[in-house]
Each structure stands twice: as C-alpha cells, then as structure tokens.
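Here is the structure we will look at, set down as structure tokens.
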Amino acid sequence: MFLGIENIELLQACDTQEQLASTIGALARSVGFDHWMYGLDLPIIDDRKGQYLLGGYPKEWVSHYFTQEYLRLDPVIAHCQAHATPLLWPQRDDPTKPGDRRSSAVSRMFNEAREIGLDSGVTIPVHGLGCHWGLVSFASKTHIATRDLQQIVPHLHLLAHCIHDAGRRFAPGALPVTAPHLTAREVECLHWVAAGKTSWEIGKLLNVAERTVVFHLQNATHKLGVSGRQAAVARAIVSGLITP
C-alpha cells in the first residue's frame, strides 16, 4: 500500500516544519486527500501555550471555525479526546435528530465545511508522546464513499501515528525525542515524590541525608528540563521513566 517504510523514514528525516508539512501533503494527496491537519492539545477551555497546529486546511475555514467556536461542539474533537479509534466524518445524507439544536448546529458546521472544500474526511486521535491528546485529520474536496474511506482507514491510522511521532518534536514545550538518562537514585527519588513523600521522608526511606535527596532531585529536574520537582515527576511519567 502507499505507506511503505521509505515514507515513514521520510517523515522522520524532516528537519523543519516546512519539510514535514510538504512530505505529509504529498502522502495525503497520494491517496486522494487534498487537505490535512495535525493538532495537539487544542484550546477547548483556555489558550494553553502547549497547543500546536500544523496543516493545510483552507485558511478561511480555520478562521471561521475558531470564530464560530465550533471547537466546543465539534463531535470529532469530543471523539478524539475520549477515544483512540479513527472517526469518519458524517456524510451529506447522514440524518440529524429533529429538534436537537446541538445536532442542527453540528450539521450546519459540516455543511459550511463542504462549501469551503472539506467534503469527506477521516480523523485519527493521537495520545501520548508529550501531549494530553491530539488528532490528525484528512479531508477531500470531492465526495468519497463510506466504503472507500473504510478501506484506507487502517493505512491512514498508521500514517497519523507516524506524523505524530515525527511532528511532536516541533510543538511548544515538546519532550526530547529520547528521554534523558537518570541515575537509579534519581529515579527512586522521583518515584517517592510521586507518592507524596517529602525530602526528609525520602531520606529516611533510602537511609540517606535529606540534603542528598534534594541533590538527586535537583539533578533530575535539570536533566528533564523543567523547574520544580512536581514538573519533574510529570515529565518523568510522560517519558516512561517512572510509573505513577
């Protein structure tokens, strides 16, 4: 199929966002999709600095989408926050519930998207690797039958996760591609901090001085590139160095 190992390597070899976007665009077009979007931690409630958006959706649609606050009612967004499975966008003839104002608003949103050039689409949720949640969407200007979309969803699912693996390093506050090396004692101290222990308590558990515990935690915090032991614990968990 279209996504061979050589294409995965192409994504990993991209040194800039521009190179990555160009490569993703070519792969998306090779299977009939005119537009794509990669987003991490989109601002559902607030404008957190961690949000990240990369892609080739029409600018007028992106502007309209956020102006109308569609982010708060979009069922695709809700799906991606709670699931890991791909989602096919509603087709033109999908029914809406009579009298359901929210359903009517969602239907209007998809109709407006089609008018701008986002007719058929598939969205794949992505989680982990330094983000709370994210998504990769593929959209076509022309109608694609549901059965045809279903046939390529497995390949898009793989492509989406390859995009996430290659693209998350460009996001603000992104974690290093490889986790830093922590000593066994640094990991042990972080583990006990995660369990709610103070430096004095950790010292008693490990039979070392409190200042020694503080020393190990400061080293771990520096290696993880954060400020404060709680932030170090959070990053160590995300990096797979400790388990909560």
Side-chain angles (χ1 to χ4, degrees), residues 17 21 24-25 27-29 31-127 131-157 159-161 163-164 167-168 171-172:
Q17 293 183 93
I24 297 172
L27 289 172
R29 288 190 296 273
V31 285
F33 290 97
D34 306 284
H35 306 289
W36 62 275
M37 182 66 69
Y38 170 51
L40 300 179
D41 292 326
L42 300 179
I44 303 298
I45 298 175
D46 54 45
D47 295 324
R48 292 177 296 168
K49 293 181 180 179
Q51 65 179 335
Y52 179 67
L53 203 62
L54 181 68
Y57 271 24
K59 292 181 179 179
E60 59 269 31
W61 171 248
V62 175
S63 175
H64 180 69
Y65 183 92
F66 284 104
T67 299
Q68 297 298 314
E69 297 187 345
Y70 283 152
L71 195 66
R72 301 180 188 278
L73 62 84
D74 190 344
V76 174
I77 297 297
H79 176 89
C80 289
Q81 287 184 293
H83 300 278
T85 52
L87 179 69
L88 274 63
W89 295 3
Q91 298 283 31
R92 290 178 179 273
D93 56 353
D94 285 352
T96 57
K97 299 177 183 179
D100 187 334
R101 294 181 61 184
R102 181 179 177 84
S103 181
S104 177
V106 169
S107 179
R108 182 177 69 251
M109 179 192 74
F110 280 108
N111 286 334
E112 291 171 353
R114 294 185 187 104
E115 291 173 1
I116 288 179
L118 303 172
D119 191 291
S120 299
V122 178
T123 298
I124 295 93
V126 292
H127 299 273
C131 77
H132 293 92
W133 71 280
L135 58 84
V136 180
S137 286
F138 302 93
S140 172
K141 292 186 291 187
T142 57
H143 178 73
I144 302 176
T146 298
R147 63 179 179 276
D148 295 327
L149 286 173
Q150 291 172 337
Q151 289 179 352
I152 60 176
V153 161
H155 306 284
L156 294 176
H157 191 269
L159 176 56
H161 284 81
I163 291 171
H164 182 39
R168 46 108 180 192

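Note that this is a predicted model, so its numbers are computed, not measured. In this chain, residues are counted from 1 in sequence order.
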Donor-acceptor list for residues 54-64 side chains, cut-off 3.5 Å, not counting sequence neighbours:
from: His64; atom 1: NE2; to: Glu112; atom 2: OE1; distance (Å): 2.9

(request) Under the ring pair (Phe, Tyr, Trp, His ring centres under 6.0 Å) rule, collect the residues that match up with His161, sequence neighbours excluded. (result) His157
(request) Could you tell me the separation between the CG atom of Leu156 and the CZ atom of Phe33, rounded to the nearest 0.5 Å? (result) 5.0 Å
(request) To the nearest 0.5 Å, tell me how far Arg72 CZ sits from Asp74 CG. (result) 12.5 Å
(message) If I compare all heavy atoms of Pro75 with all of Leu87, which pair ends up nearest, and what's the gap?
(response) O-CD2, 4.3 Å
(request) Any chance you could measure Asp41, atom CG, to Leu53, atom CG, to the nearest 0.5 Å? (result) 11.5 Å
(request) Apply side chain to side chain contact (heavy atoms under 4.5 Å, CB included) to the pair Val153 and Phe138, showing each step before the final yes or no. (result) CA-CA 10 Å; Val153 161; Phe138 302 93; over 6 Å; no
(message) Angle between ring planes, Tyr38 versus Tyr52, binned at 30° and 60°: parallel, tilted or perpendicular?
(response) perpendicular
(request) Please report the shortest heavy-atom distance between Trp36 and Ala28, naming the atom on each side. (result) CD1-CB, 4.4 Å
(request) Just grab all the salt bridge (Lys or Arg N to Asp or Glu O under 4.0 Å) pairs involving residues 131-140, residues at least two apart or on different chains. (result) none
(request) Enter the distance from Arg168:CZ to Ile163:CD1 here, rounded to the nearest 0.5 Å. (result) 14.5 Å
(message) Within this structure, what is the CD1-CE distance for the pair Ile24 and Met37, rounded to the nearest 0.5 Å?
(response) 11.0 Å
(message) Ignoring hydrogens, what is the shortest heavy-atom contact between His155 and Gln151? Give both atom names and the distance.
(response) CD2-O, 3.8 Å
(request) Apply salt bridge (Lys or Arg N to Asp or Glu O under 4.0 Å) to Asp34 and list each qualifying residue two or more places apart in sequence or on a separate chain. (result) none
Only pairs under 3.5 Å count here: list side-chain donor-acceptor contacts from residues 118-126, not counting sequence neighbours, and write none if there are none.
from: Asp119; atom 1: OD2; to: Arg92; atom 2: NE; distance (Å): 3.2
from: Asp119; atom 1: OD2; to: Arg92; atom 2: NH2; distance (Å): 2.6
from: Ser120; atom 1: OG; to: Ile144; atom 2: N; distance (Å): 2.9
from: Thr123; atom 1: OG1; to: Trp89; atom 2: NE1; distance (Å): 2.9
from: Thr123; atom 1: OG1; to: Ser137; atom 2: OG; distance (Å): 2.5

(message) Go through it in stages, so that I can follow the logic: the residues are Val136 and Leu159, the test is side chain to side chain contact (heavy atoms under 4.5 Å, CB included), and I'd like the CA-CA distance, side-chain angles, deciding distance and then a yes or no.
(response) CA-CA 9 Å; Val136 180; Leu159 176 56; over 6 Å; no
(request) Quick one: pull up CZ in Phe66 and CG in Leu42 and give me the separation to the nearest 0.5 Å. (result) 6.0 Å
(request) Output all residues satisfying side-chain hydrogen bond (donor to acceptor under 3.5 Å, both in side chains) with Asn111, sequence neighbours left out; order by chain, then residue number. (result) Arg114
(request) Say whether, by atom type as modelled, one donor and one acceptor occur between the side chain of His127 and the main chain of Cys80 under 3.5 angstrom. (result) yes
(message) Using every non-hydrogen atom in the two residues, find where Leu149 and Leu88 come nearest and quote the distance to one decimal.
(response) CB-CD2, 3.8 Å
(request) Please name the pair of heavy atoms, one in Pro90 and one in Phe110, separated by the smallest distance, quoted to 0.1 Å. (result) CD-CZ, 3.4 Å
